[in-house]
Amino acid sequence: MRSAFFLLPGILPALSACGRGGATLETDNVQAEWFPNGSRTAIVLEGESEPVSEREIRHPHSGMALFYHSLGDGRGTLEIAGGVPETATVTYSQGAASTELHFKTASREILLNDVRRPDANEKTAFLNGWSSQERGTALLRSGTAGAMTTEKNVP
């Protein structure tokens with residue numbers, strides 16, 4: 001006799017995400033918690049840790065400016081410093097005291113570490129670390145500070 005193995009929807013992702021100090025939550029929770037449908041978020045990443053001489057050659061300004069427009073369900077568009085907006089997905093991991101946000105586009109992945117809001121009702125959040133990896137290159141940028149400001153329900 002064969003045994004049958006059935007999974008209820010959502011069980012496998014929840015089980016596979018545990019074990020790194022927090023579980024990766026479903027994208028609709030990302031929307032509700034951080035990026036409501038239709039909202040726009042300005043993200044300023046600072047404190048780039050690249051050596052000054054190399055940074056000045058490649059990037060005259062330390063850090064990056066991002067703009068994320070939520071389309072719901074953990075999807076949206078991400079624009080990097082006036083570039084062309086790209087389709088993006090975002091997920092997050094919730095730890096005991098902070099959150100980690102992970103953006104993915106066709107050209108890069110951006111990870112925001114230790115993201116915290118001073119107050120649950122605040123529009124602004126602060127982060128204590130970030131990294132950006134361009135796909136297909138060895139260029140990894142990282143930094144130590146940043147802020148996110150969300151305007152909810154922008155038409």
Side-chain angles (χ1 to χ4, degrees), residues 7-50 55 59 61-135 137-155:
L7 285 178
L8 296 174
I11 296 293
L12 183 60
L15 292 175
S16 66
C18 297
R20 289 188 329 166
T24 300
L25 302 177
E26 295 179 16
T27 55
D28 58 347
N29 292 333
V30 173
Q31 177 185 339
E33 179 75 17
W34 292 95
F35 308 107
N37 190 11
S39 67
R40 292 185 192 212
T41 303
I43 305 168
V44 178
L45 304 177
E46 301 173 318
E48 192 163 354
S49 57
E50 198 172 21
R55 183 181 69 227
H59 312 290
H61 304 290
S62 176
M64 292 192 295
L66 313 171
F67 299 96
Y68 179 72
H69 180 212
S70 175
L71 301 175
D73 296 327
R75 297 175 302 106
T77 59
L78 185 67
E79 179 183 335
I80 300 168
V84 176
E86 294 183 79
T87 300
T89 60
V90 59
T91 57
Y92 80 104
S93 298
Q94 183 71 48
S98 67
T99 300
E100 180 179 277
L101 297 166
H102 188 188
F103 293 87
K104 288 183 183 181
T105 71
S107 67
R108 73 180 67 228
E109 290 189 40
I110 299 171
L111 191 63
L112 308 181
N113 299 308
D114 196 17
V115 182
R116 301 169 189 245
R117 283 192 188 112
D119 180 355
N121 296 323
E122 290 288 323
K123 293 189 310 182
T124 301
F126 300 96
L127 55 115
N128 289 324
W130 59 272
S131 62
S132 174
Q133 176 72 50
E134 292 183 33
R135 295 188 194 272
T137 71
L139 179 61
L140 175 67
R141 296 176 67 184
S142 62
T144 58
M148 294 182 0
T149 304
T150 301
E151 296 178 31
K152 294 183 179 175
N153 301 322
V154 175

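Excluded from the calculations below are hydrogen atoms, water molecules and symmetry mates; all remaining heavy atoms, backbone and side chain alike, are included. Given the structure is predicted, the values throughout are model-derived calculations rather than measurements.
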TODO: First locate atom CD of Glu151, then atom OG of Ser39, and finally report the distance between them rounded to the nearest 0.5 Å.
DONE: 9.5 Å
Open item on the list: Rounded at 0.5 Å granularity, tell me how far CD in Glu86 sits from CZ in Arg108.
Closed with: 7.0 Å
TODO: For Leu139 and Glu134, work out which heavy atoms get closest and say how close.
DONE: CD2-OE2, 3.3 Å
- [ ] Can you see which heavy atom on Leu45 is nearest to which on Leu127, and at what distance?
- [x] CD2-CD1, 4.1 Å
Open item on the list: As an exercise, state the distance from CG of Leu111 to OG of Ser142, rounded to the nearest 0.5 Å.
Closed with: 11.0 Å
Open item on the list: For a quick test of reading the model, state the closest non-hydrogen atom pair linking Glu46 to Trp130 and the distance between them.
Closed with: O-NE1, 2.8 Å
- [ ] Could you pull out the closest heavy-atom pair between Trp34 and Ala125, with the gap in Å?
- [x] CZ3-CB, 3.9 Å
Task: Where Gly72 and Ser70 come nearest, the two heavy atoms and their spacing - done: N-OG, 3.3 Å
Open item on the list: I need the Asn37 CG to Leu71 CG distance, nearest 0.5 Å.
Closed with: 7.0 Å
Task: Side chains of Arg116 and Asp114 in contact at under 4.5 Å (non-hydrogen atoms) - done: yes
Task: Side-chain heavy atoms of Phe103 within contact of Leu66, under 4.5 Å - done: no
Open item on the list: What's the separation between atom CD1 in Ile43 and atom CD in Glu79, rounded to the nearest 0.5 Å?
Closed with: 11.5 Å
Open item on the list: Side chains of Lys152 and Lys123, heavy atoms from C-beta outward: is any pair under 4.5 Å?
Closed with: no
- [ ] Decide yes or no for Phe67 and Pro85: does some side-chain heavy atom of the first lie under 4.5 Å from some side-chain heavy atom of the second?
- [x] no
- [ ] Indicate yes or no: at least one non-hydrogen side-chain atom of Val115 is less than 4.5 angstrom from one of Tyr92.
- [x] no
TODO: For residues Leu78 and Ile110, determine if any side-chain heavy atom of one lies less than 4.5 Å from a side-chain heavy atom of the other.
DONE: yes
Open item on the list: In the structure I gave you, are the side-chain heavy atoms of Ser132 and Met64 within less than 4.5 Å of one another anywhere?
Closed with: yes
- [ ] Calculate, to the nearest 0.5 Å, the distance between atoms OG and CZ belonging to Ser107 and Arg135 respectively.
- [x] 8.0 Å
Task: Leu112 side chain reached by Met148 side chain, heavy atoms, under 4.5 Å - done: yes
TODO: Verify the distance criterion only: is there a donor paired with an acceptor across the side chains of Thr41 and Thr150 at less than 3.5 Å?
DONE: yes
